[in-house]
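Notes for the one structure printed next.
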Amino acid sequence: MYNYICRVHIFFLARNDIQHASVQYILDSVIEELVQNPERRFIYVEIAFFWRWWNQQSNDTRNIVKDLVNAGRLEFISGGWCMHDEATTYYNSIIDQHTLGAEFLRDQFGECARPKIGWQIDPFGHSREVASLFAQMGFDGLFFARADYQDSDLRNSTKTMEMIWKGSANLGRQSWLFTGLLADFYDPPDSLCFDRSCGDQPIIDDPSLNDYNVPERVQTFIDAAHDQAYGFATNHIMMTMGSDFHYENANLWFKNLDKLIKYVNAQQTNGSDVNVFYSTPSCYVYALNKVDRAWTSKTDDFFPLGDTPHGFWTGYFTSRAALKRYERHSNNILQATRQLNALSQINLRNDIFYLSEAMGIVQHHDAISGTEKQNVADDYAQRLSEGIDKAADVINNAYAKLLPNESKVPMNATQFLCQYSNISECLPIEGQKQFTLTLWNPTIHPIIYHVRVPVTKEYLIRDPMGSIVSAEYVPISTITRNIPGRKSSAQNQYIFTTSLPALGFSTYYFEAKIGEKIKKQKTTTTRNEACILENEYIRVEFDDHGNLQQILNLEKGIAVPFTAQGFYWYTSFAGNNSRPEFQSSGAYVFRPLTSKIQPVSTTRTITCTKTETVQSALIVFNAWASQEVSLFHGMRTVEIEWTVGPVPIDDNVGKEIIIRYDTDIESASKYYTDANGREVLERIRNYRPTWNYSIVENVSGNYNPINSRIWIKDNKRQLTVLIDRSEGGASILDGSIEIMVHRRIAHDDSLGINEPLNETAFGEGLVVRGKHFLILESPENSSRIHRVGAQQLFMHPIATYALPQTSYANYSKAYHQTWSALSESMPLNVHLLTLDQLNPKQFLIRVEHYFELNEDDIYSHPVEVDLQAFFKSLGTITDLTELTLGANMPLSQLHRLDWRTTDKESSHIDMPSEFCSDQ
């Protein structure tokens with residue numbers, strides 16, 4: 001049957017991160033068994049769990065583990081803090097959580113523990129950006145287990161289960177990554193599971209016993225090897241021996257596999273073509289590389305994933321929308337805290353670890369994805385909250401050093417965060433005679449930022465120069481005041497515009513003037529009348545029923561009429577999950593009962609408020625859905641703050657809530673979504689680039705993850721929507737964008753959670769609030785607006801408050817009220833991704849050019865930056881080493897495997913010595 005030896009690499013894995021099983025028992029048992037036989041191998045992935053186990057081990061055990069690592073018998077794969085999700089994660093957080101794991105491995109084990117293979121066997125779809133990031137981390141390969149059933153069937157029949165994934169349209173060969181799809185999910189072959197949780201027969205090799213079964217067990221394995229080899233292009237295949245919750249008793253596995261290897265290989269004397277041995281993914285990739293063959297390539301991604309005709313895993317793009325926003329907010333605080341720690345040189349990195357670690361865990365493919373039980377989601381949120389509390393202490397210590405001026409007057413007021421500002425609540429400042437607001441700008445460019453501060457009395461506000469701020473004093477909407485759980489008594493808020501320095505802060509001093517009349521800006525309000533919001537760049541028109549009629553770009557003379565805009569919902573399919581056609585919608589799967597959407601209301605009300613700073617239209621659809629459309633002076637984006645919930649399911653009908661933007665743009669079935677906040681991919685409705693797609697679910701089968709933006713366009717107009725968290729969306733009709741913002745479902749999809757996605761708070765359905773930002777531009781000019789806008793939304797200013805018991809005159813003498821770490825402005829197309837103080841004299845910095853090739857006439861071109869300008873406030877750079885993306889080895893020492901494609905291309909890169917050398 002075969003004219004070559006089929007070389008079977010078997011290796012061992014255990015996913016034990018949820019439910020009963022405990023990683024400590026697995027590691028205890030596996031280490032003991034590895035010591036027994038030098039041929040045995042084991043791979044380990046998620047460092048968060050290993051780190052916990054490692055901290056409890058004796059020096060003797062640690063030395064044993066180090067010996068196993070150095071011998072290549074215990075191999076760390078991926079090496080991130082967790083096996084992260086790929087659809088709902090942001091690239092910054094992916095890099096951070098891998099850096100966290102890589103740093104631990106480097107510090108404890110050295111180069112021998114450096115991961116060389118990505119192992120994403122359980123995420124529910126796979127992002128091209130992740131392949132690019134892994135390649136830049138120095139990985140030689142990537143393996144995963146889940147792909148669309150139509151895609152995997154075709155690949156298996158054409159021997160293209162393994163390929164070269166071209167991870168970036170911009171970075172060329174340095175983003176290429178050898179990628180393989182596992183044959184049996186991540187499970188052992190049928191009937192060859194030897195874990196105590198399995199019912200398969202062990203190998204009984206005593207011929208004197210009646211249940212002696214070596215011939216049957218051996219033939220079963222050989223048949224499985226032949227079946228698997230059918231879908232692969234070389235005589236090397238790999239078999240995963242393990243699964244969820246396995247290896248608490250590793251002896252069962254290793255004892256049976258020792259026997260299996262012995263007896264299978266013995267059959268070669270009888271003509272068998274199967275040779276089996278213990279191996280690891282890196283050894284397998286190295287063996288494939290030595291074959292020196294050409295591989296097919298792939299340039300798109302593996303979204304969306306359908307495992308059955310009716311089972312598209314596109315619901316989790318939105319599931320647990322509040323947690324998705326909280327994660328993004330936490331990352332914002334994490335990056336700002338690192339910056340402040342570094343620039344103040346207080347060296348409190350260990351205190352930041354709590355938030356770094358919590359963020360690393362939340363990237364898990366059953367965390368940020370929203371595919372966990374409610375009590376687990378609560379735990380993730382609590383970890384983030386506790387990490388933020390620790391970070392707030394670091395922020396306070398940093399400001400204690402940065403704020404005092406030359407007089408060195410110590411800070412006598414603690415800086416604190418108000419994390420309920422999205423519902424206009426900041427309890428500590430209520431009723432205060434004076435307080436300060438300090439805004440930290442974490443970007444390396446000066447920005448204009450609009451502030452909202454909820455108050456219970458009127459104040460004079462002074463800017464950093466001591467001038468009185470022209471602020472709008474406006475009511476907080478009834479919608480906000482009635483959000484369940486809001487404790488604030490504030491009925492009004494101040495809105496004003498700030499100008500913040502690059503990588504620096506500005507402080508605003510609030511002073512109550514009791515009995516003194518404060519001049520107020522003119523405010524006009526209309527109700528249920530036609531309304532126009534307009535500034536110098538944008539015009540937004542509504543009719544008297546609250547319908548969005550048109551958006552105009554006044555500067556470019558571009559108009560987009562809207563045929564509809566607002567909230568709609570899909571009815572969740574309620575099935576018993578017994579067969580594919582009965583697949584229910586749930587935390588993982590989005591399956592609407594029909595493709596017809598229903599408006600949340602047939603009527604709506606509109607209240608328009610206009611001030612000199614902002615013009616807004618509050619549109620209330622019903623008791624649980626509203627949006628406030630705001631246009632600020634001087635801005636080129638339209639802000640839509642949406643509020644959804646409690647979504648009613650008293651009728652036992654699950655509801656998937658979307659915001660729809662229907663226009664006359666001739667989009668020709670195309671729409672565009674970003675990958676993890678970085679590059680943008682073209683999507684075509686009801687189409688897949690690499691196989692003939694059979695349409696069954698014409699809504700959920702077109703949903704894709706959106707991490708920062710989605711757009712549609714024609715020759716003259718492009719409508720881009722920026723979002724503040726990961727959401728799912730699509731263009732189901734030409735000219736239309738729909739984004740799912742909330743889900744409340746009465747049934748489970750039977751894919752692992754075993755409970756409905758029914759989030760509640762304060763005794764009723766959860767209320768979720770978020771923002772969309774609309775950009776109307778010509779296609780050729782859109783990128784400079786949405787690229788900059790998305791970065792500023794992702795890294796928005798961090799507001800801290802303080803309660804100084806002193807007058808403004810004394811405060812202004814004692815403290816700096818504005819400061820920037822930069823001595824000169826940075827190019828607009830450069831972003832500071834990471835600034836982390838590793839020790840008193842060493843810093844980790846990542847800068848990126850974040851425009852894509854050919855998307856902007858000016859900002860797509862390469863640019864040079866002076867790194868010393870970043871650090872002038874810290875001193876003079878004396879040494880600089882360029883590292884891999886994971887920051888765990890010098891780039892000059894990286895030597896990845898070379899591959900050839902069937903397109904007669906090579907992945908080989910000749911790096912100039914000056915590019916790799918230390919500076």
Inset, instruction - For Glu656 and Arg743, indicate whether the former's side chain and the latter's backbone hold a donor-acceptor pair under 3.5 Å. - result: no
Legend entry - Donor-acceptor side-chain pairing of Ser700 and Arg591 below 3.5 angstrom: no
Legend entry - Distance, nearest 0.5 Å, that separates CD of Gln363 from CG of Asp85: 9.0 Å
Legend entry - Residues, nucleotides or ligands: over 12 heavy atoms within 6.0 Å of Asn576 CG: yes
Legend entry - Donor + acceptor pair across side chains of His772, Glu727 (<3.5 Å): yes
Legend entry - Flag if over 12 foreign heavy atoms under 6.0 Å of CG, Asp190: no
Legend entry - Option among Arg320, Arg744, Lys373 that satisfies the salt bridge (charged side-chain N to carboxylate O under 4.0 Å, His left out) test with Glu759: Arg320
Legend entry - Thr318 side chain vs Gly728 backbone, donor-acceptor pair below 3.5 Å: yes
Inset, instruction - Answer with yes or no whether the side chains of Thr673 and Asn704 bring together a donor and an acceptor at under 3.5 Å. - result: no
Legend entry - Under 3.5 Å: donor-acceptor pair, side chain of Ser369, backbone of His365: yes
Legend entry - Backbone N/O of Pro648 and side chain of Lys655: donor-acceptor pair under 3.5 Å: yes
Legend entry - Contacts of Phe312 that satisfy ring pair (Phe, Tyr, Trp, His ring centres under 6.0 Å) - sequence neighbours left out: none
Inset, instruction - Quick one: pull up OG in Ser708 and CG in Asn676 and give me the separation to the nearest 0.5 Å. - result: 9.5 Å
Inset, instruction - Could you please spell out the steps behind the side chain to side chain contact (heavy atoms under 4.5 Å, CB included) verdict for Ile745 and Asn758? - result: CA-CA 6 Å; Ile745 304 172; Asn758 180 17; over 6 Å; no
Inset, instruction - May I ask you to check whether Tyr247 and Tyr25 place their ring centres under 6.0 Å from each other? - result: no
Inset, instruction - Report yes if some heavy atom in the side chain of Met238 is under 4.5 Å from a heavy atom in the side chain of Leu182; otherwise report no. - result: yes
Inset, instruction - For the residue pair Glu641 and Gln627, confirm or rule out a side-chain donor-acceptor distance under 3.5 Å. - result: no
Inset, instruction - Would you please indicate yes or no on a ring centroid separation below 6.0 angstrom for Phe353 and Trp51? - result: yes
Inset, instruction - Give a yes-or-no answer on whether the side chains of His329 and Gln419 include a donor-acceptor pair shorter than 3.5 Å. - result: yes
Inset, instruction - Please identify each residue that fulfils salt bridge (Lys or Arg N to Asp or Glu O under 4.0 Å) with Arg383, with sequence neighbours left out. - result: Asp379
Legend entry - Donor-acceptor pair between Ser191 and Asp200 side chains, under 3.5 angstrom: no
Legend entry - Distance-only polar pair, side chains of Trp691 and Asp148, donor-acceptor under 3.5 Å: no
Inset, instruction - Would you check if the side chain of Asp674 reaches a backbone N or O of Asn707 as a donor-acceptor pair within less than 3.5 Å? - result: yes
Inset, instruction - May I ask you to decide if Arg146's main-chain N or O and His126's side chain share a donor-acceptor pair within less than 3.5 Å? - result: yes
Inset, instruction - Before accepting this row, confirm whether a basic side-chain N of the pair Glu248/Arg196 lies closer than 4.0 Å to the acidic partner's carboxylate O. - result: yes
Legend entry - Ring centers of Phe567, Phe621 separated by less than 6.0 Å: yes
Inset, instruction - Check whether the side chains of Asp96 and Gln335 place a donor and an acceptor atom closer than 3.5 Å, and report yes or no. - result: yes
Inset, instruction - Report yes if the side chains of Asn331 and Tyr90 come closer than 4.5 Å at any heavy-atom pair, otherwise no. - result: no
Legend entry - Tyr420, OH atom: more than 12 neighbouring heavy atoms under 6.0 Å: no
Inset, instruction - Report the residue from Phe590, Phe317, Trp313 that forms a ring-ring contact (aromatic ring centres under 6.0 Å, His included) with Phe124. - result: Trp313
Inset, instruction - Please determine if Arg683 forms a cation-pi arrangement with Tyr671, meaning its NZ or CZ atom is less than 6.0 Å from the six-membered ring centre and no more than 45° off the ring axis. - result: no
Inset, instruction - Measure up the Trp54 and Phe104 rings against each other and bin them: parallel (under 30°), tilted (30 to 60°), perpendicular (over 60°). - result: perpendicular
Inset, instruction - Mind running side chain to side chain donor-acceptor pair (under 3.5 Å) on Thr308 and Gln583 for me, showing each step along the way? - result: CA-CA 9 Å; Thr308 67; Gln583 175 65 59; 5.1 Å; no
Legend entry - Gln382-Asp378 side chain donor-acceptor pair, cut-off 3.5 Å: no
Inset, instruction - For the residue pair Asp749 and Asn577, confirm or rule out a side-chain donor-acceptor distance under 3.5 Å. - result: no
Inset, instruction - Decide yes or no for Trp624 and Val600: does some side-chain heavy atom of the first lie under 4.5 Å from some side-chain heavy atom of the second? - result: yes
Legend entry - Expected output: side-chain His364 to main-chain Ile361 donor-acceptor under 3.5 Å: no
Legend entry - Phe50 and Tyr44 aromatic centres sub-6.0 Å: yes
Inset, instruction - Spell out, as yes or no, whether a donor-acceptor pair under 3.5 Å connects the side chain of Gln97 to the backbone of Cys82. - result: yes
Inset, instruction - Using the salt bridge (Lys or Arg N to Asp or Glu O under 4.0 Å) rule, take Arg155 and Asp151 through it: C-alpha gap first, then chi angles, then the decisive distance, then the call. - result: CA-CA 6 Å; Arg155 290 185 177 280; Asp151 188 11; 3.1 Å; yes
Legend entry - Approximate separation, where rounding is to 0.5 Å, of Leu74 CG and Leu27 CG: 8.0 Å
Legend entry - Greater than 12 external heavy atoms within 6.0 Å of Phe144's CZ: yes
Inset, instruction - Report yes or no: does Ser584 contribute a side-chain atom to a donor-acceptor pair with the main-chain N or O of Phe573 at less than 3.5 Å? - result: yes
Inset, instruction - Indicate whether the side chain of Glu162 and that of Thr179 have a donor and an acceptor atom separated by less than 3.5 Å. - result: no
Inset, instruction - Report yes if some heavy atom in the side chain of Arg328 is under 4.5 Å from a heavy atom in the side chain of Ser726; otherwise report no. - result: yes
Inset, instruction - Decide yes or no for Phe143 and Ile117: does some side-chain heavy atom of the first lie under 4.5 Å from some side-chain heavy atom of the second? - result: yes
Inset, instruction - Determine yes or no for a side-chain-to-main-chain donor-acceptor pair under 3.5 angstrom, with Arg325 supplying the side chain and Asp724 the backbone. - result: yes
Legend entry - Ring centre gap for His98 and Phe134 strictly below 6.0 Å: yes
Inset, instruction - Consider only side-chain N and O atoms of Gln598 and Tyr570, and report whether a donor and an acceptor are under 3.5 Å apart. - result: no
